[in-house]
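Here the structure is laid out as structure tokens; the discussion comes afterwards.
Computed from a predicted structure; not experimentally measured. In each ligand, atom 1 is the first atom listed, and ligand 1 is the first ligand listed.
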Amino acid sequence: MQHLKAQTQEIISSNPATGDVIGRVPLTSAAEVQSAVMRARTAQSGWATLSFKERGRVILKARELILADMEGIAELISHETGKPVAEAVSMEIVPTLDLMHYFAHHSAKLLKPQKIDIGQYGLMGRSSRMVYQPLGVVGIISPWNFPWATPLDEVVMALMSGNSVVLKPSELTPLTALKIAEVFERAGLAKGLVEVVTGDGSTGAALIDAGVDKIMFTGSVATGKRVAEAAAKHLTPVVLELGGKDPMIVFADANIENAARAAVWGAFANSGQACASIERCYVDESIAAEFIKAVVGETERLKQGNPTETDIDVGAMSNERQLHIVEDHVADALKGGAKVLSGGARLKGSGWFHEPTVLTNVSHGMKIMREETFGPTLPIMTFKSEAEALRLANDSVYGLTACVWTNNITRGRRVAERIDAGTVMVNEVVYTHGIAQTPWGGVKQSGYGRTHGRMGLLEMVSPRHIHVNRFGFVPDLWWFPYSPNASKLFRGLATHFTTGSILRTARLLPQMIRRLLERN
Ligand code: NAD
């Protein structure tokens, strides 16, 4: 069995495509987690005094080192996850290099102090600005499906904002996380700024209890709820990036061939183990036959096998537990009358492989349309109208991403805005997690808070409002002592000042002057 916790309190990392053990790491105890957080806290104070440019220099150095060791890193990711090496490069390394470049160069601008328009208070010599301070120590708890990109993106955003980081990677992919720490060490980052605590859920729980200043959690809904509950005990703010059951809607006017290709890549890339994978597909019944034929044709062309070979499209699933969930969902669908048009079973032999599987005759009563499958399945249903497509897409407890396929962009935008999801793409699938500039996060059970983009960077800082009064020599009208004249003025403020109209407020000038004189 893969990734067993041995008696020596170790985590064993093995290759899901072959079963070979590839490394052992310690299961970090609660006391050791506490020490890591303390080291991170000590290191952070110096780091926070550096300019954005100085911090960016370290990130860019790390970026250079990643580029130089790209093949080795991609192979390690592939060995730990079972995904094709090509995909480790395209879906993990490329977006991360782009994100490192973006935040190294743009964080200063994104976190620049901002003036706030305070309306009529501004006429009274006041001004307001937002400044953004580092939080301190950011705890990152990450899953196994993108073991490089998911934590590294957040490490970069946390560091650029002046924080230190304690990262608890998935127990299935600890070596990839240790590689992240190694890269930063070689880039000259001071000790303690990126601490990696390897371990399982108990280590993650210890990190929440160790008094970090924020938790960035990516994982399942069930664990996310436990994390939110544990963090609430310390009032630690949390970002929850959770699961999805992402729908794809294909309208009759879509480019059918391209939509079919998108469906196949969106459902089967990373063996369907992306939080934004297409998990449900709805196609207009008038083009369903043509679309489904194209989907099946594309699926049959996919090559599945040893993920280190360059022409392999689909590798192994990352663990046996996930493979069982896929088998269970397929079996449940078949019991309910679903038809398998391609694939349908796990591959015989060693490794956790499941065939890319296309299903029709599915319904919303089935697990495969309701629960997160997180595997290479593409169940397809038909719809008769836009309203029905929307109703089906929104009939889910999840809301991470969705996509709409149509040549009518106006319609695409209209439908996109009515789908309950954090990101809705028109004529695109999955990939916007790779755009550093755009926010990523879900609605409903897919979580709250954001990562990436300015919204993601703001999760890494403590926003502070600085308010200045240039007329510090004049007492405020609403201060003591109260008097009949003051009461009259307050009522006047209620009726005039609060309208936001300077002209109406001006009518109160005589009363205001009387009030000032009264106190002198
Ligand atoms: P998981 O919830 O099982 O584990 C996630 C992490 O939480 C792991 O590091 C695990 O060790 C840790 N953990 C477990 N119990 C804990 C506890 N009590 N306290 C603190 N930490 C604990 O998820 P997984 O199986 O590793 O990942 C798959 C899930 O992640 C899927 O549901 C997928 O949709 C989701 N995901 C979401 C996004 C997103 O951006 N929304 C991205 C990737 C994956």
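- Aromatic ring centres of Tyr282 and His364 lie closer together than 6.0 Å.
- Side-chain atoms of Ser13 and Glu80 form a donor-acceptor pair, as typed in the model, at a separation below 3.5 Å.
- The Thr223 neighbourhood of ligand 1 comprises atoms 1 (P), 2 (O), 3 (O), 7 (O), 13 (N), 14 (C), 15 (N), 16 (C), 22 (C), with distances under 4.0 Å to a heavy atom of that residue.
- For Gln133, the CD atom sits in a packed shell: over 12 heavy atoms of surrounding residues, nucleotides or ligands are nearer than 6.0 Å.
- Residue Arg321 places no N or O, backbone or side chain, under 3.5 Å from any N or O of ligand 1.
- Heavy-atom proximity to Glu171, at under 4.0 Å, picks out these atoms of ligand 1: 8 (C), 10 (C), 11 (O).
- A salt bridge does not link Lys303 with Glu309: none of the charged nitrogens is closer than 4.0 Å to a carboxylate oxygen.
- Between the CD1 atom in Ile325 and the CD1 atom in Ile368 there is a gap of 12.0 Å [rounded to 0.5 Å].
- Ion pairing between Glu182 and Lys179 holds under the 4.0 Å rule for side-chain N and carboxylate O.
- In summary, the atoms of ligand 1 found under 4.0 Å from a heavy atom of Phe217, numbered by their order in the structure, are 2 (O), 5 (C), 6 (C), 7 (O).
- Residue contacts with ligand 1: Thr150 is excluded, as none of its non-hydrogen atoms falls under 4.0 Å.
- Atom numbering of ligand 1 starts at 1 in the shown order; those under 4.0 Å from a heavy atom of Glu241 are 37 (C), 38 (C), 39 (C), 40 (O), 41 (N).
- When each atom of ligand 1 is checked for a heavy atom of Ser142 under 4.0 Å away, the hits are 6 (C), 8 (C), 9 (O).
- How far CG of Asp246 is from SG of Cys281: 12.5 Å, rounded to the nearest 0.5 Å.
- The distance from the CZ atom of Arg450 to the CD atom of Glu459 is 8.5 Å, given to the nearest 0.5 Å.
- Of the candidates Gly219, Pro143, Pro147, it is Gly219 that places a heavy atom closest to atom 35 (C) of ligand 1.
- The proximity of Leu242 to ligand 1, defined as any non-hydrogen pair under 4.0 Å, is limited to the backbone.
- The distance from ligand 1 to the heavy atoms of Ser170 drops below 4.0 Å at these ligand atoms: 9 (O).
- Ranking protein heavy atoms by distance to atom 24 (P) of ligand 1, first place goes to Trp144 NE1, 3.3 Å.
- Considering backbone and side-chain N/O atoms, Ser446 never comes within less than 3.5 Å of an N/O atom of ligand 1.
- Between Ala206, Cys275, Ala177, Gly447, it is Cys275 that holds the heavy atom closest to atom 42 (C) of ligand 1.
- Side chain to side chain, Ser446 and Lys245 fail the donor-acceptor criterion of an N or O pair below 3.5 Å.
- Taking every heavy atom of Leu400 and a limit of under 4.0 angstrom, the matching atoms of ligand 1 come to 41 (N).
- The closest protein non-hydrogen atom to atom 17 (C) of ligand 1 is Gly201 O, 3.6 Å.
- Residue Ser220 has at least one N or O atom closer than 3.5 Å to an N or O atom of ligand 1.
- Among all non-hydrogen protein atoms, the one lying nearest atom 18 (N) of ligand 1 is Arg226 NE, 4.0 Å.
- Other residues, nucleotides and ligands contribute over 12 non-hydrogen atoms within 6.0 Å of the CD atom of Glu371.
- In terms of polar-atom proximity, defined here as any N/O pair under 3.5 Å, His433 makes no such contact with ligand 1.
- The structure places CD of Glu154 at 12.0 Å from CG of Asn163, a figure rounded to the nearest 0.5 Å.
- To the nearest 0.5 Å, the span separating OH on Tyr431 from CE on Met91 amounts to 12.5 Å.
- Of the inter-residue distances, the one linking Ile215 atom CD1 with Ile140 atom CD1 reads 9.5 Å to the nearest 0.5 angstrom.
- Checking only distances, Val221 never comes within under 3.5 Å of ligand 1, N or O to N or O.
- Taking the six-membered ring for Trp and the full ring otherwise, the centers of Trp440 and His433 sit less than 6.0 Å from each other.
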Step by step, would you call Asp213 with Arg41 a side-chain contact (heavy atoms from CB on, under 4.5 Å)? CA-CA 10 Å; Asp213 301 291; Arg41 198 168 289 294; 3.0 Å; yes

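- Of the protein's non-hydrogen atoms, Ile141 CG2, 3.7 Å is the one closest to atom 12 (C) of ligand 1.
- Closest to atom 19 (N) of ligand 1, if we only count protein heavy atoms, is Ala205 N, 3.5 Å.
- Ligand 1 has no N or O atom lying under 3.5 Å from any N or O atom of Asn145, backbone or side chain.
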Test side-chain contact (heavy atoms from CB on, under 4.5 Å) applied to Trp405 and Val429, step by step: CA-CA 10 Å; Trp405 287 76; Val429 278; 4.2 Å; yes

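- Of all the heavy atoms of Phe374, the ones lying under 4.0 Å from any atom of ligand 1 belong exclusively to the side chain.
- Residue Gly204 has at least one heavy-atom neighbour below 4.0 Å for each of these atoms of ligand 1: 19 (N), 20 (C), 21 (N).
- For atom 31 (C) of ligand 1, the nearest protein heavy atom (residue, atom name, distance) is Glu372 OE1, 3.4 Å.
- The backbone and the side chain of Thr218 each have at least one atom closer than 4.0 Å to an atom of ligand 1 (non-hydrogen atoms only).
- Between Pro169 and ligand 1 there is a heavy-atom distance shorter than 4.0 Å.
- Considering backbone and side-chain N/O of Trp440, one or more are found under 3.5 Å from N/O of ligand 1.
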